[in-house]
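Quick note on labels: first sequence line is chain A, next is B, and so on, each numbered from 1. Predicted, not measured: the structure shown is a model, and the values here were computed from it.
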Amino acid sequence: MAATTSFLHMRPPPSIFQISKLLGSIVKKKHYATALSLWKRAHSSGFTPSTVTLNILINCYCRIGQMDFAFSMLGKILKYGNQPDIITLTTFMKGLCINNMVGEALDFHDYLLAKRFQLNEVSYNTLINGLCKSGQIRAAIKLLNTMKRGVLKPSVVTYNTVIDGLCKYGLANEARDLCSEMIHEGIPPNIVTYNSLIYGFSSVGQWQEVIQLLNEMVLNDINPDVYTFNILVDAFGKEGRITEVHAVLAMMMKCDKRPNVVTYNTLMDGKMRRVDEALDLFKEMRCKNLIPDLVTYNSLIDGLCKSGRISYVQDLIHEMLDNGYSPNLVTYNILLDAFCKRQQLEEAIALYKQVEGQGVQPNLHTYSILIDGLCKGGRLGTALKMFHNLLINGYCQDARIYNIMINGLCAEGLFDDAINLLSKMKENGCFPDSVTYETLIRALLGKGENEKGKKLLLEMVARGLLKR
DNA sequence: ATAGGGTTAG
């Protein structure tokens, strides 16, 4: 920051073009908060933003979830007598999408159309991606088909977006059909297409298809890249197939592709049960001049917490901060979980308040950790309060959160309350899973409540939830 | 010239 501050005071002063360029390079590294604070300094030194500057700032605010500020930057463009351009509008739509407001993004699109603003292919790709990422894959396909009939034709990026969406949804076969369709339309698949498809088939264990895709790639003169190898390392690692992981790494070397941070993160993640090996990889990574990123730190912190090596966690957090990474929600969830599991409930609550105070929006995982921690720490009342707040705020479709609360009630012997919660869960349209029934049945039978236990066991069987 | 879209990891 010192270097950038002196940059602002250069003689002659930098142009707004140079400042925008610097902001852009900071954003490229995803250091959005840094870019914003640099701009604040520039602004107070008297620099006036151009539309490009404001577009960059809109992007920054969107990425850190401050949509109200992003919107006020939109207003600033008008205030300076300029018109938002296609990049402004697309950036803003992207912001709505990544902040769980895809519906608003679509409304914004309709509004722009009504005002006769011209959007382009990138704008549509942004919307299609938003739909895919929010699980509305059918709506995304519909929009793709609309594009086919219109003036803005889908490109390889458009197809890749939907293909990836299908693959993430476990619909690899359908994705493959779409790839054939795209070839039929005269658009050849590229490395991204193949990577998505390989991810899709490897995540459902259809290795034959994966091998076929790899062969097909080579035939089409498309070489596997680091992404391809990382996807394979991850998929094999998740299945515990260490031999295959090593084979992929060997193949990677043979293709002259160097492992990157993601490769190391993936390998470390697969070895978190063996923290020492993960730490060795961490050292190796630094020997190769690969800079650890936030994911690296989060995985290591998680592994160290779970293996009880707390003193090292502190060092690592300091190192992480020194390297310019601020903890994100994943970091906080890891630490909250560690505090709860170590029965340091007061520390957990203090951290939670700190997170809220920073304006970071906790997610369902945060609440699951806390409610479980509160129950196990003898604070059932507080847990119930937090749980009911969640239901009121619309988090009522996730079985895991009910399971945690049911478990908490059972642990206190409050079986009737637990059974009532099962009913409430069904009323809310959330399907109990095998964990729900196992929790209740185990607790009831353990306390000699055999009749109630038996009744639930029958219900579980009737719902087809009993494991064979 | 500087800014917006698709692929991997928690």
J.: Using a distance-only test with no angle check, is there a side-chain donor-acceptor pair under 3.5 angstrom linking A:N190 and A:T193?
T.: yes
J.: Starting at atom CG of A:L38, determine the distance to atom P of B:dT2, rounded to an integer number of angstrom.
T.: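 Going from A:L38 (CG) to B:dT2 (P), I get 18 Å.
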J.: B:dA9, B:dG4, B:dT7: which one has an atom nearest the side-chain heavy atoms of A:T91?
T.: B:dG4
J.: Using whole Å, what does the distance between atom C1' of nucleotide B:dG10 and atom CD1 of A:I369 come to?
T.: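 After rounding, the reported distance stands at 12 Å.
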J.: Taking only side-chain nitrogens and oxygens of A:K28, does any of them come within less than 4.0 Å of OP1 or OP2 of B:dA3?
T.: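 True: A:K28 side-chain N/O within range (under 4.0 Å) of B:dA3 OP1/OP2.
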J.: Nearest whole Å is fine: how far is B:dA9 P from A:N230 CG?
T.: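 Value for this atom pair: 9 Å.
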J.: When you get a sec, tell me which of B:dT7, B:dG10, B:dA1 is the closest nucleotide to the side chain of A:V295?
T.: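 Nearest to the side-chain atoms of A:V295, counting from C-beta on, is B:dG10.
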J.: Got a sec, which pairs hit salt bridge (Lys or Arg N to Asp or Glu O under 4.0 Å) with one end in residues 208-219 of chain A, sequence neighbours left out?
T.: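 Those involving residues 208-219 of chain A are A:R176-A:E209, A:R176-A:E216.
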J.: Which nucleotide sits closest to the side chain of A:S20: B:dA9, B:dT2, B:dG4?
T.: B:dT2
J.: Is a side-chain donor or acceptor of A:D433 paired with a backbone partner of A:V435 at a separation under 3.5 angstrom?
T.: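 Such a contact is found between A:D433 side chain and A:V435 backbone.
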J.: What's the closest nucleotide to the A:S196 side chain, out of B:dG10, B:dT7, B:dA3?
T.: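 It is B:dT7.
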J.: Tell me which nucleotide among B:dA9, B:dA3, B:dT7 gets nearest to the side chain of A:K238.
T.: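 Between B:dA9, B:dA3, B:dT7, the one nearest the side chain of A:K238 would be B:dA9.
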J.: Please determine, by modelled atom types, if A:N328 and A:T331 share a side-chain donor-acceptor pair under 3.5 angstrom.
T.: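 Yes - a donor-acceptor pair under 3.5 Å links their side chains.
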J.: Regarding A:S155, tell me which of base, sugar-phosphate or nothing describes its non-hydrogen contacts under 4.0 Å with the strands shown.
T.: base
J.: Separation of A:L119 atom CG from B:dG4 atom P, in whole Å?
T.: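 Distance, rounded to whole Å: 17 Å.
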J.: Looking for any heavy atom pair under 4.0 Å, which part of the strands does A:N328 touch: base, sugar-phosphate only, or nothing?
T.: base
J.: Which is true for A:D234 with a 4.0 Å heavy-atom rule: it touches a base, it touches only sugar-phosphate, or it touches nothing?
T.: sugar-phosphate
J.: State which of B:dT8, B:dG10, B:dA3 makes the closest approach to the side chain of A:V330.
T.: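 Looking only at side-chain atoms, A:V330 lies closest to B:dG10.
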J.: Are OP1 or OP2 of B:dG10 and a side-chain N or O of A:K306 less than 4.0 angstrom apart?
T.: no
J.: Is there a donor and acceptor pair closer than 3.5 Å between the side chain of A:N120 and the base of B:dG4?
T.: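 It does, because a donor-acceptor pair links the side chain of A:N120 to the base of B:dG4 below 3.5 Å.
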J.: What's the CZ-C1' distance between A:F47 and B:dT2, to the nearest Å?
T.: 15 Å
J.: Report the nucleotide, chosen from B:dG10, B:dT2, B:dT7, that has the shortest atom-to-atom distance to any side-chain atom of A:K133.
T.: B:dT7
J.: Of the listed nucleotides (B:dA9, B:dA3, B:dT7), which one gets closest to any side-chain atom of A:N55?
T.: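 Among the listed nucleotides, the one closest to the side chain of A:N55 is B:dA3.
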J.: Is there a donor on the side chain of A:T90 or the base of B:dG4 sitting less than 3.5 Å from an acceptor on the other?
T.: yes
J.: What is the distance from OH of A:Y61 to C1' of B:dG4, rounded to the nearest Å?
T.: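 Atom OH in A:Y61 sits about 19 Å away from atom C1' in B:dG4.
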J.: Quickly work out the A:N265 CG to B:dG10 P distance and round it to whole Å.
T.: 9 Å
J.: Look at all strands and tell whether A:D293 reaches a base, only sugar-phosphate, or nothing, counting heavy atoms closer than 4.0 Å.
T.: base
J.: Please name the pair of heavy atoms, one in A:P14 and one in A:F47, separated by the smallest distance, quoted to 0.1 Å.
T.: O-CE2, 3.3 Å
J.: Side chains of A:D293 and A:T296 only: does a donor on one sit below 3.5 Å from an acceptor on the other?
T.: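 Indeed, the side chains of A:D293 and A:T296 share at least one donor-acceptor pair under 3.5 Å.
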J.: Rounded to whole Å, how long is the line connecting atom CD1 of A:I19 with atom C1' of B:dA1?
T.: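 Rounding to the nearest Å, CD1 of A:I19 and C1' of B:dA1 are 15 Å apart.
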J.: Look at A:K271 and B:dA9 and indicate whether a side-chain polar atom (N or O) is within less than 4.0 Å of OP1 or OP2.
T.: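 So the side-chain polar atoms of A:K271 never come under 4.0 Å of the phosphate oxygens OP1 or OP2 of B:dA9.
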J.: Do A:N260 and A:T263 meet the criterion of a side-chain donor-acceptor pair at a distance under 3.5 Å?
T.: yes
J.: Given B:dG4, B:dT2, B:dT8, identify the nucleotide with an atom nearest to the side chain of A:Y199.
T.: B:dT8
J.: Under 4.0 Å between any heavy atoms, over every strand shown, what does A:N333 touch: base, sugar-phosphate, or nothing? Just pick one.
T.: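 Counting heavy atoms under 4.0 Å across all strands, no contact is made by A:N333.
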J.: Give A:Y227 one of three labels, base, sugar-phosphate or nothing, depending on what nucleic acid heavy atoms sit under 4.0 Å from its own.
T.: base
